[in-house]
Amino acid sequence: MSGRDIERNYETEREVKTRRKREQEEWARHGGYMNAKIQKLINKYDSDKSRENHESQSKLFENVAIFVNGYTEPSFDVLRNYMIEGGGRFEHYYSATRVTHIVATSLALSKQKLFADKKVVLPSWITDSVKKNSLQPYEKYLLLKRNKITNFFTSRESAPWTGSDVIDPSEINDVADAPQSSTFKELYSSTTEDLPGTTIQEEQSKKGGKSTALNMLSADQPGFVAEFYGNSRLHHLSEWRTQLKDLVNEIRADPEHRLTGRDHLVHKYLDSSKPSSSSLTLELSSHNKSTSSVYMHIDMDCFFVSVVLRQHPELKDRPVVVAHSKGDVPGNQPYSSMSQIASCNYVARQAGVKNGMMMGKALSLCPDLQVLPYDFDGYSEVSRTLYRTVASYTTEIEAVSCDELYVDITSLLSIGTYDQLAQEMRQDIRSRTGCPCSAGMGGNLLLARLATRSAKPDGQYYVSPQDVLDFVSKHQVNDLPGVGRVTSRLLEKQKVETCAQLQAFSLAKLKDKFGAKTGESLYKLCRGQDDRQLRPDQPRQSVSCDVNYGIRLTDAHQVELLFENIAAEVSKKLRNARLLSKQVTLKLKVRSADAPTQSAKFMGHGICDNMSKSSSLKHPTDGAVLIKTVCLNIWRGWNILPSDLRGVGIQMTKLQQVQACTRRDKQTDLLNFVGKGKTNATDISPTKPVAIVISDDEDDGDKKQILDTNLPSVTPEVPALCGYSRLEDVSDVLNRWVVAERGRLAMFTLSTFLNSPVDLYQKEFNNLFYVEKKNYCISSDKLK
DNA sequence: ATCCTCCCCTAC
DNA sequence: TAAGGTAGGGGAGGAT
Ligand SMILES: Nc1ccn([C@H]2C[C@H](O)[C@@H](COP(=O)(O)OP(=O)(O)OP(=O)(O)O)O2)c(=O)n1
Ligand SMILES: [Mg+2]
Ligand SMILES: [Mg+2]
């Protein structure tokens with residue numbers, strides 16, 4: 001079954017509407033709502049200030065101004081009262097100039113970067129200062145130390161979560177005005193996706209400006225990818241997954257890392273009269289090779305909802321979902337919203353609502369649905385706290401996603417029982433994050449994973465060896481990891497719905513039907529067997545960027561701009577990971593010949609044909625210009641109408657780690673290149689200083705990128721510069737040599753490379769010194 | 001056999 | 001309106 005057929009089964013027919021006026025009204029309404037919200041915050045601030053004036057006796061927090069970031073214990077409100085009563089200031093918005101201290105117990109990675117050189121302190125700085133009635137030195141309470149989070153997890157003193165603070169209920173979306181009628185007529189089984197006709201979406205993305213009232217960037221504009229990614233839950237999910245894998249690797253590699261959670265368990269459950277012997281001997285005795293491993297799988301309950309419900313406890317018994325839009329614009333068809341539900345709580349699940357469901361369908365199942373907006377920073381913070389909490393028990397962890405991980409608990413079982421272990425860890429997670437989670441345990445990854453399903457919500461479950469067959473037989477084949485929509489539909493055709501039924505199939509038959517590996521894996525999984533090991537640090541095999549939303553272009557030039565945008569994004573990712581790649585794959589979504597130009601989902605990709613083609617590079621690269629050029633070559637070989645383009649992905653494979661190259665390599669490479677690529681190479685000698693520079697003539701002439709140099713005065717410092725470097729990291733060095741060598745520098749411009757043989761052009765992007773940032777000008781002799 | 005390219009499938 | 005990303009497993013079929 002092709003992807004296209006599948007989409008047809010769930011994309012809906014949609015009545016085409018002209019409704020610009022309504023959109024404008026909605027925009028105004030929304031603006032009005034936002035304005036009211038801001039006014040409310042201003043009022044709140046003013047009242048804080050007046051309280052400050054009236055109760056001006058205490059000077060405890062004089063000259064202190066705090067900003068509270070994210071979830072804290074004690075709560076936002078309590079901290080605010082302490083500040084105000086202590087004569088300090090409490091800022092509702094972060095401002096580097098006004099705020100003296102940021103208060104947080106955990107930070108999203110993005111915030112860690114933002115606050116890198118700021119005073120970020122634990123809430124206990126405030127509470128301790130209040131307790132002792134004197135301002136404590138903040139240094140003892142820093143959350144960020146040497147670029148990593150330490151303090152919070154080196155002590156177990158933090159109070160348990162009390163979880164009863166309401167912050168600002170005005171942020172809740174309007175409630176419960178969904179229509180009561182039930183004229184929902186099978187929106188989700190239509191076979192034609194859309195009606196042809198009006199071209200609202202096209203008009204919105206006509207070249208040039210920000211289209212229409214909604215300020216959506218057109219796909220050829222510079223900020224388009226960043227804006228889309230900023231709003232894409234799926235992008236965040238993927239980004240966090242890689243960041244959490246990195247976090248696990250960092251923790252595992254950190255010799256300073258302490259197992260404070262584990263120590264606490266040892267203290268609590270093992271005889272504390274002989275404390276000196278406990279930890280070390282246990283470590284050894286637990287390495288009992290004959291015992292097989294036991295795994296725990298931990299997964300947060302309705303993650304996105306739980307995180308935002310901390311601020312809205314009054315909604316916890318009502319059906320709640322997190323999504324971008326409720327689609328309740330006056331004049332829209334009821335139950336027609338195509339906005340996806342990222343997560344729904346268990347009350348909503350009672351009504352049949354599911355993660356990933358369209359809002360329209362969910363509202364038809366549950367008209368009372370409460371829709372809350374995303375809080376991406378909140379999810380990131382909770383994720384990292386979850387991982388650090390688990391890592392305080394053991395570092396035998398495999399990251400699965402932002403709300404989910406596998407843990408090898410074999411050695412921890414010498415401290416306590418399954419139940420004790422899970423209770424302790426879950427309680428710890430809950431008190432640190434304010435969110436519930438569930439845990440499953442079993443003799444392999446499959447059993448642990450399935451056990452979590454039985455455990456949910458807010459529970460735990462252990463599958464003991466004698467129960468395995470019974471336990472797994474009861475499950476639907478659908479529940480098996482790796483068995484999704486297509487596979488279970490294929491099995492359904494064979495009258496197989498449960499694992500018990502699947503067990504009747506012979507290994508040979510399964511291999512024949514599904515292929516060697518898949519067949520064998522199905523054969524084992526339905527019997528509760530699973531060979532997979534925990535794989536904490538698997539090297540990355542690909543790096544990619546995809547955008548399959550919001551693409552409505554009209555001409556080839558716009559396509560080039562979009563490719564440039566996406567190529568820049570993959571390049572950034574490669575450099576971030578310090579990887580170089582030898583193969584580029586371009587993936588496109590192209591509107592199917594018979595598909596309407598307007599998709600079912602606003603600005604969605606609609607019914608598409610997928611195309612992909614890869615191109616191997618002679619030399620590994622991370623350069624955006626090269627990647628873009630290669631992709632455009634592939635694109636030109638296909639003759640696709642720009643207006644039919646609906647999605648673009650660039651995937652980089654055949655990866656290798658950047659290695660700092662030696663001075664000798666560097667000079668050889670560079671001189672080889674210059675010697676071969678340039679007709680007039682007689683000026684080049686090993687002593688002649690050379691820099692390779694991209695000079696983009698369409699930009700103003702000052703913007704140059706330095707790709708490489710063999711400057712003798714730089715080479716002692718080259719190990720620090722080459723391979724991968726950012727201007728921020730190397731600007732000192734750069735400044736020194738640019739000034740010193742001014743006027744002596746030979747320069748090549750990009751056109752030099754474009755006229756070079758292809759392999760030289762690629763070589764130029766080889767793992768050499770590369771300065772990312774523009775606005776960097778050097779003056780020099782031009783090479784004749 | 002084993003590898004490669006172009007897909008498809010799955011999970012969060 | 002809506003934000004349909006991304007990495008890894010693996011199969012089919014051709015090249016070696
Ligand atoms: N189709 C999906 C599935 C998940 N997610 C996001 C939101 C979820 O909260 C988070 C974690 O996914 P889970 O599968 O763990 O689902 P939940 O945590 O929401 O619920 P559960 O209690 O079943 O784990 O990933 C999403 O955006 N879209
Ligand atoms: Mg979950
Ligand atoms: Mg999960």
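Reckoned from all heavy atoms, side chains included, excluding hydrogens, waters and symmetry mates. Just so we're on the same page: letters track the sequence lines, and every chain starts at 1.
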### Query
When you check the side-chain N and O atoms of A/Asp609 and A/Ser592, is any donor under 3.5 Å from an acceptor?
yes
### Distance-only side-chain donor-acceptor flag, A/Arg349 / A/Tyr346, under 3.5 Å
yes
#### Entry: Aro-ring/base stack A/His324-C/dA3, d under 5.5 Å, angle under 30°
no
[atom1] of [X] versus [atom2] of [N]: gap in Å, rounded?
| X | N | atom1 | atom2 | answer |
| --- | --- | --- | --- | --- |
| A/Leu574 | C/dT6 | CG | P | 13 Å |
| A/Phe224 | C/dG4 | CZ | C1' | 12 Å |
| A/Leu586 | B/dC6 | CG | P | 11 Å |
| A/Asn576 | C/dA7 | CG | C1' | 17 Å |
| A/Arg646 | C/dA3 | CZ | C1' | 16 Å |
| A/Arg241 | C/dG5 | CZ | P | 13 Å |
| A/Leu405 | B/dA11 | CG | P | 18 Å |
| A/Arg449 | B/dT10 | CZ | P | 15 Å |

For a quick check of understanding: with a heavy-atom distance under 4.0 Å over all strands, which category does [X] fall into, base, sugar-phosphate or nothing?
| X | answer |
| --- | --- |
| A/Cys545 | sugar-phosphate |
| A/Thr487 | sugar-phosphate |
| A/Ser401 | sugar-phosphate |
| A/Val543 | sugar-phosphate |

### Query
Which value, in whole Å, describes the distance between the C1' atoms of nucleotides B/dT10 and C/dA3?
22 Å
### Query
At their closest point, which heavy atom of A/Ala399 faces which heavy atom of A/Lys245, and how far apart are they?
O-NZ, 3.0 Å
Among [options], find the nucleotide with the atom closest to the side chain of [X].
| X | options | result |
| --- | --- | --- |
| A/Tyr229 | C/dG10, C/dA2, C/dG5 | C/dG5 |
| A/Val486 | C/dG5, C/dA7, B/dC9 | B/dC9 |
| A/Lys613 | B/dC12, B/dC6, C/dA3 | B/dC6 |
| A/Ser612 | C/dT6, B/dC6, C/dA2 | B/dC6 |
| A/Gln538 | C/dG11, C/dG8, B/dC12 | C/dG8 |

### Position toward the 5' end of DNA chain C (nearest nucleotide), A/His236 or A/Tyr549
A/Tyr549
### Query
So which one's nearest nucleotide on DNA chain C is more toward 5', A/Arg535 or A/Ser325?
A/Ser325
#### Entry: Side chain proximity check, A/Phe514 to A/Glu520, heavy atoms < 4.5 angstrom
no
### Message
Between A/Phe304 and A/Tyr379 (judged by ring centroids, cut-off 6.0 Å), do the two rings come close enough to count as a pair?
### Response
yes
